[in-house]
Structures are given as structure tokens and as C-alpha cells.
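Every number for a ligand or one of its atoms is a count from 1 in the order of the listing. Excluded from the calculations below are hydrogen atoms, water molecules and symmetry mates; all remaining heavy atoms, backbone and side chain alike, are included. Residue indices begin at 1 and follow the sequence shown.
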Amino acid sequence: MCVNHDKYKIEFYNFATITKLNMPVTAVNVTSKFNTAELSFEDFQKIVINDYRIGYESRQASLLGRREVLTGKAKFGIFGDGKEVAQLAMAKAFRPGDWRAGYYRDQTFMFATGMSNLKEFFAQLYALPDIEKDPASAGRQMNCHFATRFVHADGTWTNQAETLNCAADISTTGGHMPRLLGLAYASKLYRDNKELDDQKQFSTGGNEVAFGTIGNGATSEGLFFEAFNAAGVLQVPMAISIWDDAYAISVPAKLQTTKEDISEILKGFQREDGTNGYEIFKVRGWDYVALCETYERAVELCRAEHVPVLIHVTEMTQPQGHSTSGSHERYKSKERLDWENEHDCLLQMRKWMIESAISTDEELDALEATAKKYVRECQKEAWNGLLSEITVELNQVAGLIDELANESESADALKVAVTELKACIDPGRRDVIAAGRKALRLTVKERLYGRQALINWLKLEEEKNGERFNSKLFTGTMQSPLNVPAVHAQYEPDAKMLDGREVLNACFDANFERDKTIVAFGEDVGAIGDVNQGFAGLQNKYSDLRISDTGIREATIVGQGMGLAMRGLRPIAEIQYLDYLLYAITVLSDDLASLSYRTRGGQKAPVIVRTRGHRLEGIWHSGSPLGTILNSMRGMHICVPRNMTQAAGMYNTLLRGDEPALVIESLNGYRLKEKLPANVGEFTVPLGHAEILKEGSDVTVVSYGSTLRIVQEAAEELEKMGIHIEIIDPQTLYPFDIQQICADSLKKTNKLLVVDEDMPGGGSAYILQKILEEQKGYYYLDAQPRTLPAKEHRPPYGTDGDYFSKPSEDDVIEAVYSIMHEANPGKFPELY
Ligand SMILES: Cc1ncc(C[n+]2csc(CCOP(=O)(O)OP(=O)(O)O)c2C)c(N)n1
Ligand SMILES: [Mg+2]
């Protein structure tokens with residue numbers, strides 16, 4: 001066959017020649033030529049064949065992976081079949097230093113870049129709890145949830161500028177978009193802020209692109225639109241690919257997207273002469289050449305000019321349906337299924353390769369046979385890896401139970417336990433440990449030599465399994481804020497009395513001076529220095545690259561912080577009021593708080609989320625939803641400073657540590673006078689260290705934030721009534737009172753009252769659990785432990801609304817008094 005090879009040359013974009021291109025709004029089958037370095041046909045042929053091999057192996061992994069789930073070896077499977085070819089093209093544009101934030105369809109991209117491989121793919125499918133085998137999540141995440149490790153075991157960063165980087169996936173659709181914004185924004189700061197030029201471990205002059213992937217259905221999520229708009233405003237190097245297979249599980253595009261076409265409706269974001277905005281590309285998912293050209297062109301533009309780009313990849317398919325949970329024959333028409341078969345991207349690529357004389361049927365048949373075999377070998381290796389470890393443990397426990405059986409009255413039942421264990425098909429650690437625990441129960445009343453051996457073994461395994469399944473909620477390394485040394489605040493004899501906000505301002509100023517990687521942003525944070533002026537004057541001093549305003553977009557403010565923090569910067573991401581934190585809770589809970597855990601310490605994002613809350617006026621300006629926060633943000637420190645000096649000390653601690661935290665300043669405290677510490681940027685408030693604010697012998701009152709002042713005021717009247725309360729400020733709710741000062745106090749008072757502004761059963765229930773259960777405080781109680789929270793509804797606007805909804809001084813006095821009445825009704829008769 002005679003082939004015109006020139007026709008098949010891919011022309012690569014020349015980085016140096018980029019000027020502002022007049023890009024088409026959408027380019028179906030981009031063919032425009034840009035210039036330069038041509039490959040020989042042979043080189044080109046090798047690249048294409050190699051790409052096909054990667055794509056084909058990936059497809060085999062999807063097919064085999066599904067089978068492994070359906071035969072019960074793995075729990076759940078979701079795969080990237082039908083999306084292979086676009087990802088091969090995307091991988092070509094991915095460079096060292098670049099980032100991916102994507103979703104569960106991206107296995108081909110991960111294989112093609114080398115950020116993952118088939119063995120790791122199967123190890124994750126089987127949930128192998130081992131960072132060597134599944135470096136992404138150590139078996140903690142469902143399959144196809146990707147991540148690279150960029151934190152060493154000692155907590156230090158790897159050299160991200162030299163590696164290919166993948167931020168850890170989450171399962172929630174669109175949930176990664178805020179983080180993607182932050183990853184891209186980091187390059188902007190590294191390029192534009194020359195003070196950061198020496199941060200070579202994280203960036204090469206801001207030349208990195210953050211690649212995002214998202215399904216067509218997930219673009220219906222608010223987080224997608226919020227991040228999309230923000231990136232257009234900020235002009236960051238973010239390249240979003242939309243994998244459009246016209247479905248989101250069973251729901252078709254018609255019910256997802258206006259006009260059934262996401263790039264069509266996003267056209268208004270297209271940049272024009274003199275405006276910011278996006279470059280938008282549209283290309284078919286089975287057209288290898290067009291995809292390669294589009295990615296090359298789009299990404300180089302994005303990289304060079306820091307223009308966000310959208311690549312809408314259409315006509316993708318799902319050969320096996322959405323996941324192992326169902327079959328797509330249930331909701332796709334025969335016509336659609338036929339169309340999908342015909343437009344399978346690998347089939348189309350193969351056809352094109354043969355038509356173009358890049359390869360032949362026979363060569364590709366041989367390649368496919370080899371690929372199939374290789375994938376099978378990788379699968380077997382992963383499975384055998386798991387099986388061999390568990391077999392060792394199974395034999396150990398079976399041996400120990402057998403020994404018990406030799407001397408026990410329950411020999412029969414023990415033998416049954418062993419037989420059942422050995423009969424398990426695909427046994428797991430659960431079966432092994434459960435058998436051991438059962439054996440202990442069966443022999444509980446016997447004094448047997450073998451019991452201790454079994455107990456010892458179980459304890460050792462508990463430790464190992466704790467590491468496997470329960471470790472790394474926080475980084476827990478030497479860099480942890482819990483290891484930041486305590487430094488006391490020092491005061492000059494003539495220390496100034498300032499508004500609380502000015503103490504904070506001085507703290508931020510000192511820290512910005514000390515560490516040039518610190519940045520702060522949020523609504524009204526830049527020009528006016530936040531609504532309460534904590535950052536007043538600092539933008540002028542440190543530039544709008546370091547202290548900046550953002551749009552009203554809480555979720556992406558947190559995501560912006562998260563991406564920056566993952567790339568070595570120290571963000572303070574501000575949420576204007578605590579009540580608005582709910583708009584960011586998905587990012588805080590799903591993404592930020594779970595990051596260390598879901599990568600078993602392979603990634604971290606030490607973001608400080610700054611906000612202000614508790615008492616003020618009105619339904620949306622007096623929130624204190626600590627129960628919500630504590631329950632949804634395990635994996636973050638929760639700081640509730642009673643005044644701005646304590647807040648400053650906490651910022652000083654957190655800015656020197658590497659774990660994420662939320663700091664809730666007391667909204668009504670900015671104008672109260674506080675003494676300025678001489679070391680305002682240096683002193684630290686250690687996390688988890690409760691403070692006794694007033695000693696007393698009658699009732700222990702635990703409170704935090706704004707209610708502490710009320711408790712302190714109540715204490716004065718109570719003293720006059722002959723009641724001496726001990727007031728404890730835990731200062732941080734997570735960690736909570738590490739030294740167990742609360743329980744110690746109960747040894748003296750034997751009575752407990754918890755006061756806060758959350759709903760009944762919210763933050764106060766958490767505190768009770770900590771003191772009564774964890775600290776074993778129940779042991780010292782002589783009276784019923786009490787909580788004094790706010791009412792169940794939100795507080796109405798106005799002073800009276802506040803009085804009748806939140807704990808008042810009168811309420812505290814009466815609650816304490818009633819506890820005293822319960823203990824000694826003779827001395828403290830009923831009030832009314
Ligand atoms: C926030 C959230 N809502 C719902 C789901 C359940 N869910 C998982 S995948 C999916 C469909 C996603 O479709 P699309 O974005 O088009 O990606 P595709 O799977 O088609 O590649 C849904 C609804 C989820 N994981 N997260
Ligand atoms: Mg879809």
C-alpha cells in the first residue's frame with residue numbers, strides 16, 4: 001500500500017513562538033497548523049503504537065477488573081473504558097511539575113504518564129492496605145481513585161517541580177474542582193511573586209499546568225461552575241477536560257445540561273480581545289489525531305499565558321456501563337448501544353492506524369494478545385500478594401486456636417471456628433481476627449496457657465491493623481502543630497491596650513514579614529483588610545499577590561487554599577462569617593479533612609481556614625454550629641479562641657505546623673481591649689491545652705469562644721451567692737484537653753456544666769463525651785452533668801432575640817445554682 005506519510009505528521013506546538021492566538025471558539029477535529037518540529041514517520045509510528053498498547057492494556061484492566069468484582073474478589077469497580085484515547089493525548093501534554101485533579105475515569109492517563117501502573121491498579125481494586133502496593137491510598141479508597149505521594153515519611157515535601165503530581169481523588173462528583181483551582185493558582189503566585197523564586201522544589205517559574213477532569217454529568221454541580229468562573233477571573237493555568245459520554249449513570253444529557261452541550265453554554269467565557277476568559281476546545285473522544293493536536297495546542301497556551309482552557313471531549317462511550325453496580329442496557333437504547341460499539345475509541349484508533357499504514361491487523365492482534373497476558377499477570381500478582389499475606393496470618397491464628405482446643409473444654413466449638421475459617425473463600429483479615437476473638441470468648445472462663453499466646457498475637461495484629469486501617473488522620477510527623485514548642489506571651493511593663501483586631505493585625509504583620517510563603521485571601525480581605533480589619537494595611541505593605549480579595553465563593557476559597565497548601569504555600573483562607581462555612585463544607589469535609597487519611601499520609605494541605613462566629617445578631621450572623629463542624633471535619637484542628645490574643649497565639653502555632661485547621665474568632669470581640677504582647681508574632685498557644693480561667697471548688701464550668709465572657713460575668717454574681725465555679729477554656733475543641741484538666745477539675749468539684757451556643761446535643765454533647773467517657777469524668781460526678789446550649793432554632797435578630805435564644809448570664813447563674821440545689825437543697829433552696 002502506498003501511503004503519504006506527510007499526511008500523518010503530528011506537529012507539535014512550539015513553546016517559544018506563542019503569541020496571542022486567535023483560537024476558534026470550538027474546534028471540532030482541530031487541524032490548524034501551528035508550526036515546527038516534525039517527527040519522522042518511524043518515530044511517529046512508534047509513539048502511536050505505544051499509545052495504542054497503553055490504551056489497550058488499560059481496556060483489558062477495565063474488563064478484568066469488572067470480572068474480579070462480579071466474581072466477588074473485589075467489592076466495587078468503576079473503570080475508564082471508553083475514555084482511553086483522549087487520555088493518551090492529554091498525557092502527552094503533561095510535564096514534570098504539572099498537576100492532575102480528576103476523577104475515577106482516568107486510569108489510562110495515569111498509566112500513560114507513569115503516575116500509576118497496572119499492578120497498583122489491581123492492588124487498589126483488592127484494597128491492599130500497603131503503601132508500597134497501592135501508593136495512592138494504601139487500600140483505603142475505591143479503585144481508580146488516584147494520587148501520587150508528595151510527602152516523605154518524615155513529613156517533608158518531595159521535589160514537586162521534578163515529579164508528575166496527582167492530587168488525591170475523591171468520590172464525590174465535582175468535589176475536586178475547588179482544589180483544582182488552588183493547584184492552578186499556585187503557579188500564578190509562583191510566577192508573579194518574585195519573592196518566591198527560590199521555592200524551586202515547588203515550581204519552575206510558575207510554568208506548571210493544573211489538569212482537571214470531570215464527567216459531563218458532574219458539570220451540573222455548583223462546584224464546577226463556581227470553580228470555572230473563579231479560574232476565569234484569576235486567569236490561572238488550569239486545563240479542564242470534560243469527558244462527555246452523554247450520561248451520568250442513567251441520566252442523559254437532556255436532563256443534565258442546558259442545550260445538552262456544556263461547551264456550547266460556556267461560550268460566554270471565551271476570552272476576546274481585551275477581556276479575560278477561557279480558550280474553549282471541543283473535540284471527539286475517538287479521534288486520536290485531533291485529540292493530540294488539541295491537547296498540545298490548548299495546554300501550551302495555558303502554560304505560557306496562564307489562560308484557563310476547557311477541552312470538551314465529546315462522543316465518548318462506556319463499553320461496560322457506569323460501574324459494577326448496574327448494567328447500562330437498562331437505560332440506553334439499542335441505537336445508542338450500537339452507536340457506542342461502533343464509536344469505541346480504541347476500535348476507531350485501531351482502524352485509523354491500519355488505514356494509515358501505521359500498523360497492520362496482524363501486528364495489532366499480536367500486540368493485543370501480549371497486552372492481555374501482561375494485564376492478567378499484573379492482576380494475579382496483586383491478588384497473590386494479598387492472599388499470601390493473609391494466608392500467613394490465617395495459619396498463625398488457626399495454629400493458636402488449635403493449641404487452645406488441645407486443652408479447652410470448648411474444643412469442639414474451637415475446632416469448628418478453625419474449620420470455618422479455613423473454609424472461607426477469599427478470606428480477609430476480618431475473618432482471621434474475628435476467629436481469634438471468638439476463640440477468646442469461647443474460653444473466657446478457662447485458665448488456659450494458650451489464651452495468653454492468642455491474646456499477645458491479637459494485640460500485635462491490632463497494632464498492625466491500626467496502622468493499616470486507622471492511621472494518619474493527621475500527618476502526625478515532627479512538623480505537626482502539636483510539636484510546635486510552647487512560647488509564652490510576653491508583655492512590656494507599658495504594653496499598649498489595643499482593640500482585639502489590632503492585636504491580630506500585628507500578629508499577621510509579623511508572620512507575613514517572617515514567612516514569604518504565607519498568603520491570605522477571601523471576601524473583603526484585600527483592599528479593606530477584612531470586614532473587621534485584621535488585615536488592614538497589609539495588602540499595601542505586602543502586595544495583592546499575598547493578601548487578596550476573592551469573589552463570593554466559599555467552597556473555592558477553601559479549595560484555593562487547599563491547592564496552594566499542597567504546593568508548599570501557607571494559605572490563610574478566610575470565610576467571612578462562620579454561618580457561610582456551610583457553603584464550603586463539602587470541600588472541608590470531603591476533601592481537606594480526609595486528605596491525610598485517604599492517602600495514608602502521602603499528601604497534606606496545611607490550610608488555615610479563618611472565620612468569625614458565635615454571638616452577634618440574626619439568623620445568619622450568630623451561628624455556632626460546632627456539632628456540625630466537629631462531626632464533619634475530623635482531620636482538621638478546630639480552634640475556638642476566647643479573644644484575639646489567644647487567636648494570635650493559635651495562628652502562630654498553626655503557621656509553624658503542617659496540619660489543616662479552622663480558627664473561629666469571636667465575632668463580638670474585635671473591639672474589646674487587649675494587651676499587645678511584645679512577641680505577638682512569636683508566642684504560641686499549644687493546641688489541645690485547656691486553661692483554667694478561674695479556680696473554684698463547687699462546679700466545673702467548661703465553655704469556649706464568646707460564652708466564656710458570659711460565664712465569667714456570671715461567676716461574679718455566683719461568688720456573691722457563695723458558689724465558686726471553676727471555669728475551664730479548652731481553647732481548641734479538636735484536639736480536646738489533652739492533659740485532662742477537665743476531669744482533674746471534676747475530682748475537686750464533682751459537678752459539671754458545659755455552656756455553648758450550639759444546638760442542644762451539638763458541641764456540648766461532644767464535650768460531654770470527651771470528659772465523661774474519654775477522660776472518665778463520670779467517675780467523679782456527684783450530680784447530673786448538665787449542658788447549657790442555645791435553643792434549637794436559630795436566634796432571631798435583635799438583643800431580645802439573642803437573650804431568649806442563647807445562653808445568658810441569668811441562664812448560667814440559674815443552671816449552676818440548680819446543680820448546687822440538686823447537691824444540697826437545704827443550703828440552696830429552689831430559686832423559683
Ligand atoms: C456529589 C455526588 N453526587 C452523586 C454521586 C453518585 N454518582 C457517582 S458517579 C455519578 C455519575 C457521574 O456522571 P458523569 O459526571 O457524567 O461521569 P461519568 O461517570 O459518566 O464519567 C453519580 C451520580 C457522587 N459520587 N457524588
Ligand atoms: Mg458521563
Side-chain angles (χ1 to χ4, degrees), residues 58-59 62 65-66 69 75-87 90 100-110 141-146 168-180 212-228 240-258 260-263 265-266 282 284-286 310-328 330-332 336-337 339-340 343-345 555 559 582-591 594 598 632:
S58 173
R59 175 66 60 87
S62 300
R66 184 179 173 87
V69 175
K75 282 269 185 183
F76 173 76
I78 192 154
F79 304 104
D81 45 317
K83 317 280 189 294
E84 291 92 346
V85 174
Q87 293 180 25
M90 184 166 93
R100 168 191 171 277
Y103 79 119
Y104 49 77
R105 296 284 181 219
D106 290 349
Q107 70 201 47
T108 312
F109 174 76
M110 295 300 291
Q141 290 233 61
M142 283 176 164
N143 78 306
C144 283
H145 285 56
F146 301 104
D169 291 357
I170 55 178
S171 299
T172 37
T173 52
H176 58 297
M177 292 300 294
R179 164 175 24 104
L180 172 67
T213 64
I214 185 166
N216 57 298
T219 64
S220 307
E221 294 277 9
L223 293 183
F224 170 79
F225 283 96
E226 187 177 314
F228 199 80
I240 305 183
S241 296
I242 298 173
W243 304 148
D244 191 346
D245 54 17
Y247 281 85
I249 311 187
S250 67
V251 181
K254 197 167 85 166
L255 301 177
Q256 292 282 356
T257 309
T258 307
E260 300 182 42
D261 188 331
I262 186 71
S263 57
I265 60 169
L266 292 175
K282 189 176 194 176
R284 292 181 183 123
W286 46 265
L310 170 71
I311 301 142
H312 180 197
V313 183
T314 61
E315 301 194 13
M316 288 183 137
T317 68
Q318 254 180 23
Q320 303 190 104
H322 175 76
S323 70
T324 51
S325 299
S327 100
H328 59 160
R330 275 191 302 160
Y331 50 81
K332 286 181 187 163
R336 171 75 196 184
L337 290 167
W339 180 88
E340 288 201 17
H343 290 83
D344 184 304
C345 59
L582 295 185
Y583 277 61
I585 207 158
T586 43
V587 189
L588 288 162
S589 181
D590 279 352
D591 205 358
S594 76
R598 73 180 191 265
S632 59

Which atom pair, heavy atoms only, marks the closest approach of Asp169 to Cys144?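 Closest approach of Asp169 to Cys144, heavy atoms only: OD2-O, 3.8 Å.
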
Could you give me the CA-CA distance, side-chain angles and deciding distance for Gln256 and Ser220, then say whether side chain to side chain donor-acceptor pair (under 3.5 Å) is met? CA-CA 6 Å; Gln256 292 282 356; Ser220 307; 2.8 Å; yes

Contact residues of ligand 1 (heavy atom under 4.0 Å), by chain and number: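 Correct list: Tyr103, Tyr104, Arg105, Ser171, Thr172, Thr173, Gly215, Asn216, Gly217, Ala218, Glu221, Asp245, Tyr247, Ala248, Ile249, Gln318, His322.
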
Do [Y] and [X] meet the salt-bridge criterion of a basic N to acidic O distance under 4.0 Å?
X	Y	answer
Asp261	Lys282	yes
Asp591	Arg598	yes
Arg284	Glu315	yes

Is there side-chain contact between Ser632 and Ile585, with at least one heavy-atom pair below 4.5 Å?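 Yes, their side chains come closer than 4.5 Å.
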
side-chain contact (heavy atoms from CB on, under 4.5 Å) with Asn216: which residues, sequence neighbours excluded?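 Asn216 satisfies side-chain contact (heavy atoms from CB on, under 4.5 Å) with Ile242, Asp244, Asp245 once adjacent residues are dropped.
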
What are the protein N/O/S atoms, named by residue and atom, that sit under 2.8 Å from the Mg ion (ligand 2)?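 Metal shell, protein only: Asn216 OD1, Asp245 OD1, Tyr247 O.
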
Using modelled atom types only, decide if a donor and an acceptor are shared between the side chain of Lys83 and the backbone of Thr317 within a distance under 3.5 Å.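 Indeed, once roles are kept as given, a pair shorter than 3.5 Å links the two residues.
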
Mind checking side-chain hydrogen bond (donor to acceptor under 3.5 Å, both in side chains) for Glu221 and listing every partner two or more places apart, or none if nothing turns up?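 Result, side-chain hydrogen bond (donor to acceptor under 3.5 Å, both in side chains) vs Glu221: Thr173.
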
